[in-house]
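Both backbone and side-chain heavy atoms feed into the values below; hydrogens, waters and symmetry mates do not. Nothing fancy with the numbering, it's 1 onward along the sequence. First listed ligand is number 1; within each ligand, the first listed atom is number 1. Bear in mind the structure is a predicted one, so any value in this text is a computation, not a measurement.
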Amino acid sequence: YADMAMYEVKRKGKNSYYIYDEEKGANLFLLNDLHNAIKKEELTVYYQPVIDVQTKDIVAMETLIRWQHPIYGIVPPNQFIPLAEETGLIVPIGEWIVKKACRQHEQWRKNGLKPIRIAVNVSVKELQDRHFAKRIEAILTETNTLPEWLELEITESIMVYNEATISDNLRRMKELGVRISIDDFGTGYSSLAYLKRLDVDTVKIDQSFISDCPHSYYGSVITNTIISLAHHLHMNVIAEGVEQFEQLLYLQEKGCQEAQGYFLSPPLSSDEATRLLQKGMCHLQ
Ligand code: C2E
Ligand code: MG
Ligand code: MG
Ligand code: MG
């Protein structure tokens, strides 16, 4: 998706958006049909495995949304999540993803697979909705999913909002037993007080630090420090964006519990993920 970075999202009329290509000066995507994407079943979920660094067992799957656009093909989340956030569509989309994730989890359990955690990315906008916690609770009940299997991935940037609705939703989730994880850890808000305040279960070391490991001094020191912080605070730690065997060895040596990345497995379709879970381990290259 590298090329997509130069496109800029522009508003055009009330419910109409497009991605503006600075260089070509052309409207590449008409995104006013995002409204109908759920109904038309164009949204789809991929699952990326998280493995236990020591045993190589799959311990979690992270759900990553894709939009299979009839004309433009697969549109990555960075291209339409900002639109969905701006228009408020992220609320129904987010609810749809949690439902999809929990139904998939239920299906895996029914197939007799060993239960694993299912992680879902959640935006600030979803947590600003008063009914968020209630809806998640209803989905867990409907799919017979134990709350401890669900992990909500939020980013540090959520903390700058300091809104009662957000903390109420997160507190209700924690009370229920849902796990909270901090995504892209180390790239956002600098105060660490929220780790304690939110009773965070997992931190995910941002892939920019992992990609610098083990050769760059800064990347390695930051990675080690996050691993050590997580251990001392009795939190789980996941390294994101592991692309090389060397990085995995490094993480193993430093005692990082879990890892995720192309070296282990790319995000998979539901069928591919199911087959991998039946095998129980990622196929290491
Ligand atoms: P994220 O949650 O930090 O997810 C990690 C991103 O890195 C994913 O991109 C994943 O495909 C990619 N990735 C995984 N392994 C590697 C690797 O080894 N190397 C590299 N370079 N990249 C790797 P993706 O799927 O395009 O998602 C991008 C972001 O979009 C996510 O970042 C997340 O913030 C957001 N997102 C994805 N799905 C959802 C969703 O359902 N809801 C919300 N609100 N946001 C989502
Ligand atoms: Mg994530
Ligand atoms: Mg991340
Ligand atoms: Mg990210």
Side-chain angles (χ1 to χ4, degrees), residues 1-5 34 37-38 42-51 60-68 73-102 104 117-129 132 136 139 150-158 179-188 200-213 223 226 236-248 251 258-269 272-273 282 284-285:
Y1 326 138
D3 294 339
M4 299 280 191
L34 186 55
I38 298 183
E42 291 171 2
L43 296 181
T44 160
V45 168
Y46 274 62
Y47 301 89
Q48 188 178 33
V50 177
I51 63 132
M61 286 281 186
E62 177 179 3
T63 60
L64 294 161
I65 196 170
R66 303 284 180 265
W67 183 8
Q68 281 179 320
I74 294 192
V75 184
N78 292 336
Q79 287 301 299
F80 67 92
I81 293 288
L83 284 184
E85 285 171 344
E86 206 190 319
T87 53
L89 279 172
I90 192 66
V91 172
I93 290 176
E95 186 179 2
W96 178 86
I97 295 159
V98 175
K99 209 175 272 178
K100 190 94 177 164
C102 290
Q104 179 67 79
R117 294 173 351 244
I118 188 101
V120 178
N121 294 285
V122 173
S123 350
V124 185
K125 282 276 146 47
E126 295 175 68
L127 290 165
Q128 285 174 325
D129 189 297
F132 177 83
I136 302 287
I139 294 169
L150 180 64
E151 188 153 59
L152 301 179
E153 295 194 4
I154 60 177
T155 58
E156 294 160 280
S157 62
I158 253 171
R179 301 167 58 101
I180 305 293
S181 136
I182 306 293
D183 208 347
D184 308 336
F185 187 76
T187 60
V200 167
D201 298 278
T202 301
V203 290
K204 300 188 77 174
I205 309 172
D206 189 66
Q207 52 190 49
S208 61
F209 304 125
I210 304 303
S211 70
D212 282 348
C213 281
T223 300
I226 298 175
N236 183 31
V237 57
I238 305 179
E240 283 193 280
V242 176
E243 293 183 351
Q244 294 159 16
F245 183 55
E246 261 188 315
Q247 293 165 345
L248 189 63
L251 294 164
E258 297 177 359
Q260 189 180 10
Y262 296 158
F263 178 73
L264 299 153
S265 168
L268 306 168
S269 69
E272 290 169 327
C282 287
L284 293 173
Q285 294 144 314

Of the backbone and side-chain N, O or S atoms of N121, does one lie nearer to the Mg ion (ligand 2) than 2.8 Å?
yes
Of all N, O or S atoms in E62, which has the smallest distance to the Mg ion (ligand 2)?
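Result: OE2.
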Would you mind naming the N, O or S atom of E153 nearest to the Mg ion (ligand 2)?
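That would be atom OE1.
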Are R66 and ligand 1 in contact, using a heavy-atom cut-off of under 4.0 Å?
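Yes, R66 has a heavy atom closer than 4.0 Å to ligand 1.
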Sub-4.0 Å heavy-atom contact, E85 with ligand 1:
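Judged by the 4.0 Å heavy-atom criterion, E85 does not count as contacting ligand 1.
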Ligand 1 versus [X], non-hydrogen atoms closer than 4.0 Å: side chain, backbone, both, neither?
{"X": "E240", "result": "side chain"}
{"X": "Q260", "result": "neither"}
{"X": "N121", "result": "both"}
{"X": "V242", "result": "backbone"}

Looking at every heavy atom in both P266 and P49, which two are closest together, and how far apart are they?
O-CD, 3.9 Å
Might you point out which heavy atoms bring A119 and E153 nearest each other, and give the distance in Å?
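Shortest heavy-atom contact: CB-OE2, 3.5 Å.
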Atom nearest to the Mg ion (ligand 3) - D184, N, O or S atoms considered:
OD1
Q48 and S265: side-chain donor and acceptor closer than 3.5 Å?
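There is no such pair between these side chains.
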Decide whether D184 and Q207 meet the rule of one side-chain donor and one side-chain acceptor closer than 3.5 Å.
no
For atom 4 (O) of ligand 1, tell me which residue out of L64, T187, L43 has the closest non-hydrogen atom.
L64
Would you call the rings of F245 and F263 parallel, tilted or perpendicular, where under 30° means parallel and over 60° means perpendicular?
tilted
Tell me the angle that OE1 of E240 and OD1 of D183 form around the Mg ion (ligand 3), rounded to 10°.
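Once rounded, the angle between the two atoms at the Mg ion (ligand 3) is 80°.
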Below 3.5 angstrom, do we get any N/O pair linking T63 and ligand 1?
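In fact, backbone or side chain, T63 has no N or O that close.
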